[in-house]
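First comes the structure, then the notes that go with it.
Naming: A, B, ... by sequence-line order, numbering from 1 per chain.
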Amino acid sequence: MTTLHGPIDGAFDAATVNDLEPADLVLPDRVAGRMYTDPGIFEQEMSRIFERTWVWVAHESELPKAGSFKTTTVGRQPVIVARDRKGNINTMLNRCRHRGASVCEQRTGHANGFTCPYHAWSYGLDGKLRGLPYPDGYEGVMDKSGVALQRLRTESYGGMVFATFADEDELEPLEDFLGDVKLWIDRFMKQGGGYPIKVLGTHQFRFKGNWKIQLENTTDGYHFPIVHRSWMASVDAETAEMMSFMTDPAATTHDLGNGHSVMEMVPEHSDLDVDDGTEPLQERFADLVEALGAQGLDSGSVRRLVRAMHGTGFNLNLFPNVSMSISFLRVLRPISADETVIEHVALGPDGPPEIVDPVNRERLRIHEHFQGPFGFGTPDDAEGWDRVQRGAAAAPEMPIMVNRGLGREEPSPEGWPTSHVTDETGMRAAYGMWKRMMSDD
Amino acid sequence: MTEAATTLPAAGTLSITDPRVIRAIELVWREATLLDAKDYHAWEALYADDGIYVVPIDRDADSFDDRLNMVYDDARMRSMRVVRMTEGFAIAAVDAATTVRTVSRFVPTTVTDDEVSLKAAQILVAFKRGRHDFWAGDVDYVVRLGADAGADRLVRKVVRLIDAEGAVPAAGFLL
């Protein structure tokens, strides 16, 4: 058991807190409020974290065939993620090698390649320069065969695509970085109910606050019945009961290493393949059960799909930018010290339309109910985060407390530091990784 | 936008001076006023039981069942939304931005004794904690005309934000 620390003030000093190195702002049970507000720290986070580790960029279903692409960012740097004709997924800086113009401004789409609008340098789906107009001007000056959009290392696990600026000497392969997270990704994908998972749509919204406020939020079970009381009041009793984990001792959060953590809110849904058949399907899905049965689907297959309607029972938080949260992905994109864009990526099974369409219609409505800029959950989260950013402007030396549950944190049988789901184990895991990456040594 | 232009009736065929269109516009302005006043109970009563209120992500979408939307409310969801906005538990609604909106650029697209369809523009300014956020969008309305103006009801309102496919602020009010 970890020793409890001191009172909630006194760790940092107003006269010196602004002189401390970033890594010294993280203590085992608290972090300095300056970490949310200091633009200099934000700049270092971009270069030391977002440009040095694996950053989630896509789900493979967003790139279903050769030529499929999406644009996004790694840290603040604009990138294109595209599938080429060999089936490889490439992540490339969205920046022409000639004079720097972006070569693609569509969010998603399908293309044979990318042509810069300025001087028409054209690049293939793998980033290689294919052609440029009036090439005689480059004779004896530049060998076109060596020119390409800058590529980032790109690797996938379980359909989750990550990219990094770091080379092999600087950063381990994705699967090593994920470690025990892989087991949880495998479990998360079981919500397809026997089918693969696909992206159904994406909500985007921005809030005036630091990205780490959102990073903390998906491992913050403590806020749920407070901030989301309005949502809880609007859902059926069965769903409200499902999310009433505050006093359930079986609901726990594990530190999975490398800043990753998993918060098991509904442990009986952590592994959706484990089903003793005693849990009744929710009454609200009775029509769906009937419709799937009418399509000739056997009752076991129907049960698998319908029991997974709300997704898995956990939030899997991957440092630094994606949470696999119950039934969707929550992706954060840092804009500045006090601004962040959040994407809520809705997911559902990918299969024959007569089966998955009615399932996904229900899943879309569930997603809209909570998520997005007008959902019954997201605006209340955003209000809480806005208030944190505003409050953190006071007293940069005053700590943000992440000490909840330190006194009851113990290793699980797997060896993961574990505490109750309302505890701040996941935040401590993330800040431990932050400290490591922001250290000079 | 070209697709909007192609769906307009021929010039001179429908007029905003038509008394049926005036009734529809008066209902739209009443709705806008109630939303700025955050009088959500009165707002809800302006909708027909089979009415839908939609803020899509895909600006070109005309059917909403099989895609993700920001808002896709039938009577049941609308009713729960009104509870959420008024009961005092939703911290975003309790501390919501103050809003002022203008709805104009009305063009009637179908007019019968039973129903009026309008295309319009809405510009909304939301103010909260020293910040002004701008929300601009095209809005399609379908108003079902009742026995008198007091019985006119919205059966369809679709707000197509100009930045619907981008990142907008999270909102404690309705468009």
Side-chain angles (χ1 to χ4, degrees), chain A residues 106-108 199-208 223 225-235 328 333 335 339-348 353 356-358 360-365 367-369 371-387 389-390, chain B residues 35 40 52-59 61 63-74 76-97 124 126 128-133 135 137 159 161 163-175:
Chain A
Q106 277 177 261
R107 208 178 90 75
T108 61
V199 168
L200 304 178
T202 301
H203 282 133
Q204 298 184 74
F205 72 99
R206 58 180 69 235
F207 76 97
K208 289 294 290 177
H223 85 293
I226 319 292
V227 169
H228 300 308
R229 187 169 168 185
S230 157
W231 176 82
M232 293 280 272
S234 72
V235 296
F328 67 102
R333 286 172 41 207
I335 306 296
E339 186 166 17
T340 308
V341 167
I342 306 293
E343 296 179 6
H344 287 164
V345 182
L347 304 171
V356 303
D357 284 1
N360 287 332
R361 243 168 255 144
E362 291 281 353
R363 290 183 68 114
L364 285 163
R365 301 295 89 78
H367 191 84
E368 287 162 355
H369 190 156
Q371 314 296 341
F374 293 90
F376 285 31
T378 297
D380 297 330
D381 272 331
E383 171 67 10
W385 307 340
D386 192 56
R387 296 284 281 268
Q389 187 71 23
R390 290 171 68 79
Chain B
L35 285 174
Y40 295 113
I52 58 165
Y53 165 56
V54 194
V55 183
I57 293 173
D58 182 349
R59 272 174 59 81
S63 64
F64 311 104
D65 282 352
D66 292 312
R67 47 183 102 227
L68 186 66
N69 308 287
M70 286 187 247
V71 178
Y72 183 21
D73 284 2
D74 56 9
R76 177 179 154 274
M77 274 298 285
R78 215 162 33 244
S79 166
M80 290 198 297
R81 194 178 291 281
V82 168
V83 171
R84 165 179 159 74
M85 302 305 269
T86 55
E87 70 182 342
F89 296 155
I91 57 175
V94 169
D95 242 345
L124 182 157
K128 180 174 174 177
R129 296 179 191 146
R131 272 171 60 88
H132 294 83
D133 285 323
W135 299 73
V159 184
L161 292 171
D163 50 355
E165 292 180 46
V168 300
F173 54 87
L174 300 183
L175 298 177

- Message: I want to check something: taking the side chain as every heavy atom from C-beta on, are L364(A) and Y72(B) in contact at a cut-off of under 4.5 Å?
- Response: no
- Contact check, side chains of R387(A) and D95(B), non-hydrogen atoms, under 4.5 Å: yes
- Does any heavy atom of chain A fall under 4.5 Å from the side chain of V168(B), the backbone, both, or neither of them? both
- Note on the structure: When the 4.5 angstrom heavy-atom criterion is applied to I91(B) and chain A, the contacting part is both
Which heavy atom of [X] sits nearest a heavy atom of [Y], and at what distance?
X       : Y       : value
A170(B) : P379(A) : CB-CA, 3.9 Å
M70(B)  : P373(A) : SD-CG, 3.5 Å
F205(A) : P169(B) : CB-C, 4.4 Å
S230(A) : E87(B)  : CA-OE2, 3.9 Å
F374(A) : F173(B) : CE2-O, 3.3 Å

Return yes if some donor-acceptor pair links the side-chain N/O of [X] with the main-chain N/O of [Y] below 3.5 Å, else return no.
X       : Y       : result
R81(B)  : F376(A) : no
H203(A) : N69(B)  : yes
R361(A) : D65(B)  : no

Side chain, backbone, both or neither: which part of [X] has an atom under 4.5 Å from a heavy atom of chain B?
X       : result
R206(A) : both
R390(A) : side chain
R363(A) : neither
H228(A) : neither

- Taking 4.0 angstrom as the limit, do D386(A) and K128(B) come out as a salt bridge? no
- Salt-bridge criterion met for D380(A) and R84(B) (N-O under 4.0 Å): yes
- Rounded to the nearest 0.5 Å, the OG1 atom of T202(A) sits from the CD atom of E165(B) at a distance of 10.5 Å
- To the nearest 0.5 angstrom, please state how far the CE atom of M77(B) sits from the CD atom of E368(A). 7.5 Å
- Message: Heavy-atom count check: over 12 atoms from other residues, nucleotides or ligands less than 6.0 Å from R129(B) CZ?
- Response: yes
- Message: Counting only heavy atoms from other residues, nucleotides and ligands, does the tally under 6.0 Å from CZ of R67(B) exceed 12?
- Response: yes
- Options V55(B), D73(B), D66(B), I57(B), ranked by heavy-atom pairs under 4.5 Å with chain A, top entry: D66(B)
- Item | Residue, of K208(A), R365(A), H367(A), that accumulates the most heavy atom pairs under 4.5 Å with chain B | R365(A)
